[in-house]
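Below: one structure, written as structure tokens.
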Amino acid sequence: MAKSPTRPGLPAPSSVVERIVLVPQRTAPALARISAAAPGAAASAAAPAYMILRTNEVDPYDVPMPRSAVPPIGAPAAAAPAAAKPAPVGDKFGGTDRKAAKLSTGNGAIEVFADVAELIKTLPSKAAMKKHKPKIGTDAGSGRVTEEQRDVRVRGFIYAASREGDNDFHVMLGRDPAKKPMYFNMEISGLPPAGAKSLARIKKVRDDYKTFFTTPHVPKLKLPGMSYDFYDPPIPVEVEGSLFFDMTHASGAGPGPQSLHKDIPTIWEIHPVTKITFEP
């Protein structure tokens, strides 16, 4: 497991509350990929471990979380200190802002990008989207506009993630650590209602995400809570999903932990993620 105290993408040391090693629960295809990448080594030996750095960093529009209110990694929600903001229970989406758009998917052909920076170059500006005609609302019935019908596939690395009050996971997708830092929010969505066209795909992604953060032989989830977890080294992934403009945060600061915020150039997101492959 890499120890890289000075690399980009790590949290402020003063924000770190807890450190714990994550040895992910890997599927058979994932182990096969790892074995192929390290010929002659057993998959279990070649498979990397990650350090989870739990912090008290939250999105800039959220109430600051004192260090004493951050629950331990892997603890059930009920074990969180009384002062902590309670995490959602279950998997259902619990929000209202642009609910119709967030729980639907685009209808475009998949566009493939090798890098987060390449994807970001193709996105309309915040100014243009704020002046969009028809106007983009933030009510629950606000559906996808033409620019949000794009479906994309991109490779990157998960640097940090948190669980939001609406039961989405904010996941900060970044570039290769050797490149100039740039991060982009993607969302592992809470589940839509029964009967929704997108339900099966969104549920599969959420299940795959939860599986990766479950420790083998010790079935305890190490999912992020209401403050950000960072990962060292960052976790390589390939994701697919639909582009989404976060109109709710078109004014003021957008999502993301304080330590990464200066390198998050857009409030566009992949939302929802419709496929995720860990360690591709």
How long is the straight-line distance from OG1 of Thr105 back to CD of Gln149, given to the nearest 0.5 Å?
8.5 Å
Under 3.5 Å, side chain of Arg67 to main-chain N/O of Ser14, donor-acceptor pair present?
yes
Answer yes or no: is there an ion pair linking Glu111 with Arg153, defined by an N-O contact shorter than 4.0 Å?
no
Do Val116 and Tyr183 make a side-chain contact, defined as non-hydrogen atoms from C-beta onward lying under 4.5 Å apart?
no
Count I, L, V, M, F, W, Y as connected when their side-chain heavy atoms are under 4.5 Å apart, and connections chain through other members. Are Ile188 and Leu103 then in the same cluster?
no
Give the intermediate values and the outcome of side chain to side chain contact (heavy atoms under 4.5 Å, CB included) for residues Asp176 and Phe157.
CA-CA 7 Å; Asp176 186 300; Phe157 295 79; 4.0 Å; yes
Closest approach of Gly165 and Pro88, non-hydrogen atoms and distance?
O-CG, 3.8 Å
Minimum heavy-atom separation for Ser227 to Ser162, with atom names?
O-CB, 3.6 Å
Side-chain touch Pro24/Phe278, heavy atoms, less than 4.5 angstrom:
no
State the CE-CE distance between Met182 and Met172, to the nearest 0.5 angstrom.
12.0 Å
Exam field: side chain Thr214 to backbone Lys220, donor-acceptor pair closer than 3.5 Å
no
Here the gap from Glu240 atom CD to Ile110 atom CD1, rounded to the nearest 0.5 Å, amounts to 4.0 Å
May I ask you to check whether Thr248 and Asp97 show a side-chain donor-acceptor distance below 3.5 Å?
yes
Considering all heavy atoms of both residues, which atom of Asn107 and which atom of Asp151 are nearest to each other, and what is their separation?
N-OD2, 3.8 Å
Can a donor-acceptor pair be found, under 3.5 Å and without considering hydrogens, that links the side chain of Trp268 to the backbone of Ser125?
no
Value rounded to 0.5 Å, distance of CG in Asp229 from CD1 in Ile52
6.0 Å
Please determine which of Leu191, Asp207, Val273 meets the side-chain contact (heavy atoms from CB on, under 4.5 Å) test together with Ile202.
Leu191
Can you see whether His271 engages Asp168 through a side-chain donor-acceptor pair at a distance of less than 3.5 angstrom?
yes
With a 4.0 Å cut-off on N to O distance, would you call Arg7 and Asp232 a salt bridge?
yes
Could you check if a side-chain atom of Pro192 sits within less than 4.5 angstrom of a side-chain atom of Phe93, using non-hydrogen atoms only?
no
Which heavy atom in Ser251 sits nearest to a heavy atom in Lys130, and how many Å separate them?
OG-NZ, 3.6 Å
So does Gly256 get a backbone contact from the side chain of Asn185, meaning a donor-acceptor N/O pair under 3.5 Å?
no
Carboxylate-amine/guanidinium proximity below 4.0 Å for Asp263 and Lys180:
no
The reported gap from CD in Glu118 to CD1 in Ile120 (rounded to nearest 0.5 angstrom) is 11.0 Å
Minimum heavy-atom distance between Arg54 and Gly225, given as atom pair plus value
NH2-N, 3.5 Å
Membership question, hydrophobic clusters at under 4.5 Å side-chain separation (ILVMFWY): are Val21 and Leu53 in the same one?
yes
All heavy atoms of Ala100 vs all of Ser142, minimum pair found to be CB-O, 3.7 Å
Run the salt-bridge test on Glu148 and Arg98 with the 4.0 Å N-O cut-off and return the result as yes or no.
yes
Does the salt bridge (charged side-chain N to carboxylate O under 4.0 Å, His left out) test come out yes or no for Glu187 and Lys102, once each step is laid out?
CA-CA 9 Å; Glu187 306 236 357; Lys102 289 179 178 179; over 6 Å; no
Donor-acceptor pair between Glu147 and His132 side chains, under 3.5 angstrom
yes
Side chain to side chain, Leu223 and Lys210, heavy atoms closer than 4.5 Å
yes
Go through the steps for Leu173 and Val237 under the test side chain to side chain contact (heavy atoms under 4.5 Å, CB included), then give the verdict.
CA-CA 9 Å; Leu173 185 70; Val237 290; 3.5 Å; yes
Using a 3.5 Å distance criterion without hydrogens, assess whether the side chain of Asp115 forms a donor-acceptor pair with backbone atoms of Ala117.
yes
Examine the side chains of Ser15 and Glu57 and answer whether a donor and an acceptor come within less than 3.5 Å of each other.
yes
Would you say the rings of Phe230 and Tyr159 are close, in the sense that their centroids are separated by under 6.0 Å?
no
For residues Val154 and Phe184, determine if any side-chain heavy atom of one lies less than 4.5 Å from a side-chain heavy atom of the other.
no
Donor-acceptor pair between Lys222 and Thr215 side chains, under 3.5 angstrom
yes
Is Asp91 salt-bridged to Arg206, cutoff N-O under 4.0 Å?
yes
With a 4.0 Å cut-off on N to O distance, would you call Glu238 and Lys275 a salt bridge?
no
Gap between atom CG of Asp166 and atom OG1 of Thr96 - 0.5 Å precision:
9.0 Å
Glu164 side chain near Phe169 side chain, heavy-atom distance below 4.5 Å
no
Treat each ILVMFWY residue as a node, draw an edge where side-chain heavy atoms are under 4.5 Å apart, and state whether Ile264 and Phe244 are in one component.
no
Output field: ring centroids Tyr231/Phe213 closer than 6.0 Å
yes
Test item: side-chain donor near acceptor, Asn56 and Tyr228, under 3.5 Å
no
Beyond-backbone contact of Met247 with Met129, side-chain heavy atoms, under 4.5 angstrom:
no
Taking atom NZ of Lys126 as the centre, does the number of heavy atoms from other residues, nucleotides or ligands within less than 6.0 Å exceed 12?
yes
Could you walk me through whether Met51 and Leu22 satisfy the side chain to side chain contact (heavy atoms under 4.5 Å, CB included) test, starting with their C-alpha distance in whole Å, then the side-chain angles of each, then the deciding distance to 0.1 Å, before giving a yes or no?
CA-CA 6 Å; Met51 182 71 76; Leu22 169 69; over 6 Å; no
Less than 3.5 Å apart, any donor N or O on the side chain of Arg144 or Ser104 sitting next to an acceptor on the other?
yes
Below 4.5 Å, heavy atoms only, C-beta onward: do Ile270 and Ser242 meet side chain to side chain?
no
